[in-house]
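Report on the structure given below.
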Amino acid sequence: MSTPQNPTGPTGRPSVAEELRAQTGPYFGDFGGRFLPEALVPALDELTEVYEKALVDPEFVAELQRLAAEYTGRPSLLSEAPRFSELAGGARILLKREDLNHTGSHKINNVLGQALLTRRMGKTRVIAETGAGQHGVATATAAALFGLDCTIYMGEEDTQRQALNVARMRLLGAEVVPVTHGSRTLKDAINEAFRDWVTNVATTHYLLGTVAGPHPFPVMVRNFHRIIGEEARSQVLERAGRLPDAAVACVGGGSNAMGLFHAFLDDPEVRLLGCEAGGDGVATGRHSATIGGGRPGVLHGARSMVMQDEDGQTIESHSVSAGLDYPSVGPEHAWLADIGRAEYRAVDDDAAMEAFALLSMTEGIMPALESAHALAGALELGRELGPDAVIVVCLSGRGDKDVHTASSWFGLLGDEEPGRGDLQALRARAREALAATEARTVAARPTTPEEMA
Amino acid sequence: MSSPTAAPHDPRGAAAPLRAGDVLERTRAEGRPALIGYLPVGFPDLEGSIAAAATLIDHGVDMIELGLPFSDPVMDGPVIQEAATRALAGGTRTRDVLRAVSELSGRGAAIVVMSYWNPILAYGVDAFARDLAAAGGAGLITPDLTPDEAGEWIAASEAHGLDRVFLVAPSSPRDRLEYVVGHTRGFVYAASTMGVTGTRTSVSAATEGLVERTREAGARNVCVGLGVSTGEQAAEVGAYADGVIVGSAFVRALLEAEPGDLAPLAAVADDLRAGIDRARPGARP
């Protein structure tokens, strides 16, 4: 898959052996593995075999590339964000626009890959879990495209906060099952999907939507998403003439982050920052910052970091963003944190909602609430790194689905509720950023001494 | 080996706890399959769950499978999920399960614990094995742990002399059956169907084939679980299996009964035991 001892080539890749990028599971350090009922072992073995064959089958690769180009709309853009950058202390922020993919998020990359595998295995039905609805919509879309039956499990609480996506899935022909057990969010949707899978595994593929779960899911899902980082890496090299100082992405299960990070794993000069959902603040206990606030354990088929009590019972996670509301994380992230290759920070609901509004008002791009966590992380990191820094942020999804949540947050529902966020103050900050950017553009070019030198 | 709390119930005083294999050899000698009953600890509360398990023993159940309630029971259907959720809401802890084992051991039935893997990891694998053995437990059933990931548990169960019950399923090919059987001690848990726990109107005809294949792979004791709820089904499955495992039917009897009323549970046990006793009409005695 990768070429060890590759000399520095035209891409500027360092000449070290590509050890970190070469990890293919089932274990990532102490993490990963397969902790599932024996009944599912044959299905996981079959999936591993079919996947590994497909990966080196030119026909499969060509089909996936054709779909990426003609259906998803790849490569996705790398957009400058000069006014938003002003808010990050002037650091140059480049947005990897996965929000422009068909269905509105990065999720489609993985879904198309697994849908092709489903067909190769001769299975006729896919099931999936979804939190925010992005993965459910992507799966329902692929099921329509390939003529597969489709059932989506979604926590009842999430069906309420993401009602628009529930309607989208049903309109695409999928059955949406609200899950009423436990915390009624993403983790319970995954439990229910596993129960369905073990019952119907002969005809059904579990189209898992993140880099978690038993082997081969973490490595397979990462590989279907690594195109994000591969494109971003060459786009930044072309645009900035060098590698970025940092790559930033949000982390729930962590699929868009692994997709972005993977291409940079063996570029030690590129800092990797994963932004977990801090909810009401890690100190309150009401959060989803698994790496920051959990400890090693086994949940949903893999050993990873898990939010759990003293007895190993899962603690319910909390986040304003349904897609990050998950008490575990992909095992490769747990490993990258463990060896210090990537850093993980918690971004609380307030900071994420601010970044959501600020990107909307400065750049005219409304991000998904999940992606807004990465944007908030980039604002903080930019101020730390200074104006010479180049930071790539994965804008993993678009924010249409979150308009209701944001309206409620900022008191725009017209129901007399005051709202938690102050939109006027954010608008003032956005105006300042706009003015500063304009002043710089008008004044700068010919006379700036740095530019002359 | 018996803990002090278990001693009053143990007619033989400090005798070694019954292992699963002991029970299955005894029932084999009696010419019948064993009846194995599952109940989650802490439902309706700790004392209530211990009383319920004692009732099962008094009504002909040969082996008790005590469930450690878990927040994310992916192998369980709605009935056991409901009981586990209530047990956890009531504050049930891992140490309560060990206490229940201790209270129930020495009553003539083998006591095994069934647990998802994370609570055992959190307790400490060796520490749990040590404390389970000290409480008089026979061993552990691990529905989401296959031998592939069980290195630490295999070492701990060897060190503390405990049974290791792994599962096989209708989907298991020959090489997996051999692998699982090779790492199992006590009995192999054969899932009668592809699916989760719960009562079913019929037990799949393929189950007998799975039991046969598991024996061909080297297993001496193969017990069948998932879906058995009536004496009729127990008789049918018990004709070929070494043990018949019943869970949801008992839990449902508790869920539907008035608090503290164990008569409906006893009635279910009696019906199942009658089925067990007529499972092999030609056999002795």
Side-chain angles (χ1 to χ4, degrees), chain A residues 26-27 32-46 129 179-183 186-204 206 213-215 294-304 306-316 327-328, chain B residues 68-78 81-82 84-85 87-88 91-97 115-124 128 142-151 166-173 175-177 179-180 188-191 193-198 210 226:
Chain A
Y27 301 99
R34 255 190 199 178
F35 294 82
L36 268 191
E38 183 68 33
L40 290 173
V41 168
L44 291 169
D45 283 343
E46 179 192 19
E129 82 295 344
V179 176
T180 55
H181 321 292
S183 60
L186 183 55
K187 95 172 166 72
D188 307 282
I190 295 176
N191 291 343
E192 206 55 29
F194 273 124
R195 293 183 187 114
D196 181 319
W197 199 29
V198 75
T199 308
N200 300 301
V201 66
T203 60
T204 299
Y206 181 8
H215 181 72
R295 54 193 172 84
V298 168
L299 182 67
H300 295 147
R303 187 168 190 277
S304 187
V306 179
M307 289 175 56
Q308 56 187 311
D309 70 12
E310 197 192 330
D311 278 359
Q313 306 288 347
T314 311
I315 292 174
E316 290 180 13
S328 187
Chain B
L68 197 165
F70 183 52
S71 52
D72 295 275
V74 295
M75 272 296 284
D76 285 307
Q81 280 179 54
E82 172 70 20
T85 300
L88 288 174
T92 303
R93 303 286 310 266
T94 301
R95 59 173 177 260
D96 295 329
V97 175
S115 179
Y116 291 91
W117 193 234
N118 202 46
I120 307 300
L121 267 185
Y123 194 94
F128 187 83
T142 53
D144 63 346
L145 184 75
T146 61
D148 318 62
E149 302 283 0
F166 293 111
L167 280 71
V168 296
S171 60
S172 303
D175 60 330
R176 286 300 303 180
L177 291 175
Y179 182 68
V180 172
V188 175
Y189 187 131
T193 178
M194 296 299 289
V196 296
T197 58
L210 173 62
L226 298 196

Which one, [options], leads in non-hydrogen pairs under 4.5 Å with chain A?
options: B:Thr142, B:Asp76, B:Thr193; answer: B:Asp76
options: B:Ser71, B:Pro143, B:Ala169, B:Ala191; answer: B:Ser71
options: B:Arg93, B:Met194, B:Glu149; answer: B:Glu149

With a 4.5 angstrom heavy-atom cut-off, which part of [X] approaches chain A: side chain, backbone, both or neither?
X: B:Pro119; value: both
X: B:Ile120; value: neither
X: B:Thr94; value: both
X: B:Pro73; value: both

is_close_aromatic(B:Tyr189, B:Phe166), centroid dist under 6.0 Å: no

Approximate separation, where rounding is to 0.5 Å, of A:Gln313 CD and B:Leu88 CG: 4.5 Å

Approximate separation, where rounding is to 0.5 Å, of B:Phe70 CZ and A:Thr314 OG1: 4.5 Å

At a 4.5 Å cut-off on heavy atoms, which part of [X] comes close to chain B: side chain, backbone, both, or neither?
X: A:Pro42; value: side chain
X: A:Gln308; value: side chain
X: A:Leu299; value: side chain

With A:Tyr27 via ring-ring contact (aromatic ring centres under 6.0 Å, His included) - residues at least two apart: none

Salt bridge (charged side-chain N to carboxylate O under 4.0 Å, His left out) between B:Arg176 and B:Asp148, intermediate numbers included: CA-CA 10 Å; B:Arg176 286 300 303 180; B:Asp148 318 62; 2.8 Å; yes

Residue among A:Lys187, A:Glu129, A:Glu192 satisfying side-chain contact (heavy atoms from CB on, under 4.5 Å) with A:Val179: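 Checked A:Lys187, A:Glu129, A:Glu192 against A:Val179; only one passes side-chain contact (heavy atoms from CB on, under 4.5 Å): A:Glu192.
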
Pair A:Arg34 + B:Asp144: basic N to acidic O under 4.0 Å: no

Most contacts with chain B, counted as non-hydrogen pairs under 4.5 angstrom, among A:Val298, A:Leu40, A:Val306, A:Ile190: A:Val298

Side-chain (B:Trp117) to main-chain (A:Phe35) donor-acceptor, under 3.5 angstrom: no

